[in-house]
Amino acid sequence: MKVVLEVTFRMGGVSYRGHRWEDDALVFEFERLGDAFIQVLSSRKVQEEVEKVPSKVLVELRTKEGGKVFEAIEEKGVYRAMEP
């Protein structure tokens, strides 16, 4: 099955690193590790083929300061999220 994620970040410089499973949750991994970033909304769309339907979809953003995890909401077959 194909899972489509559309996520909006608060700054540029975000790279997609892949996905992993945590129990039944599908986690999309992103990172922003540089020193300076443009402070504009930055959107990314990612599609992955997975073997099962996830119970929820999470976005993990790693940064030099640590990171954050936030949940995507399914809407008409597409998961959408925004960096808090």
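- Taking both residues in full, the closest heavy atoms of S42 and G12 are given as CB-CA, 4.1 Å, listed atom of the first, atom of the second, then distance.
- For E6 and R44, the salt-bridge test fails: no basic side-chain N is under 4.0 Å from an acidic carboxylate O.
- Salt-bridge formation is detected for the pair R62/E29: a Lys NZ or Arg NE/NH1/NH2 atom is positioned less than 4.0 Å from an Asp or Glu carboxylate oxygen.
- Inter-residue side-chain proximity for K68 and E60 is flagged as unmet; no heavy-atom pair is nearer than 4.5 Å.
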Verdict with supporting geometry, M1 and E51, side-chain contact (heavy atoms from CB on, under 4.5 Å): CA-CA 6 Å; M1 104 169 256; E51 59 278 355; over 6 Å; no
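- We find that K56 and D24 are not joined by a salt bridge, their nearest charged nitrogen and carboxylate oxygen being 4.0 Å or further apart.
- No donor-acceptor contact under 3.5 angstrom links the side chains of Y79 and E71, judged on distance only.
- Looking at heavy atoms from C-beta onward, L26 lies out of side-chain contact with L58 at the 4.5 angstrom threshold.
- Minimum interatomic distance between V4 and K45 (heavy atoms only, all atoms of both residues): CG1-CE, 3.6 Å.
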Applying side-chain contact (heavy atoms from CB on, under 4.5 Å) to L61 and F9, what does each step give before you reach the verdict? CA-CA 9 Å; L61 175 62; F9 296 98; 4.1 Å; yes
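- Counting heavy-atom neighbours within 6.0 Å of K2 NZ, excluding the residue itself, gives a total of 12 or less.
- Tracing side-chain contacts under 4.5 Å through hydrophobic residues (I, L, V, M, F, W, Y), one reaches V59 starting from V46; they form part of the same cluster.
- For the residue pair S55 and A25, the shortest heavy atom distance occurs at OG-N, 3.8 Å.
- Under the 4.5 Å side-chain heavy-atom criterion for grouping Ile, Leu, Val, Met, Phe, Trp and Tyr, V57 is not connected to V69 through any hydrophobic cluster.
- Taking a cutoff of 4.0 Å between a charged side-chain nitrogen and a carboxylate oxygen, R32 and E83 qualify as a salt bridge.
- The side-chain heavy atoms of W21 and V27, taken from C-beta on, include no pair separated by under 4.5 Å.
- Using a cutoff of 4.0 Å between basic side-chain nitrogens and carboxylate oxygens, E74 and R80 are not scored as salt-bridged.
- Ring-plane geometry between H19 and F28 is classed as tilted, the angle between the planes lying from 30 to 60 degrees on a 0 to 90 degree scale.
- The two residues T63 and L33 have their closest heavy-atom pair at C-CD2, 3.8 Å.
- A continuous path of ILVMFWY side-chain contacts below 4.5 Å connects F30 to F70, so both sit in one hydrophobic cluster.
- Following chains of ILVMFWY side-chain contacts shorter than 4.5 Å, one cannot reach I73 starting from L41, and the two form parts of different hydrophobic clusters.
- Atom OH of Y16 is separated from atom CG of L5 by 8.0 Å, given to the nearest 0.5 angstrom.
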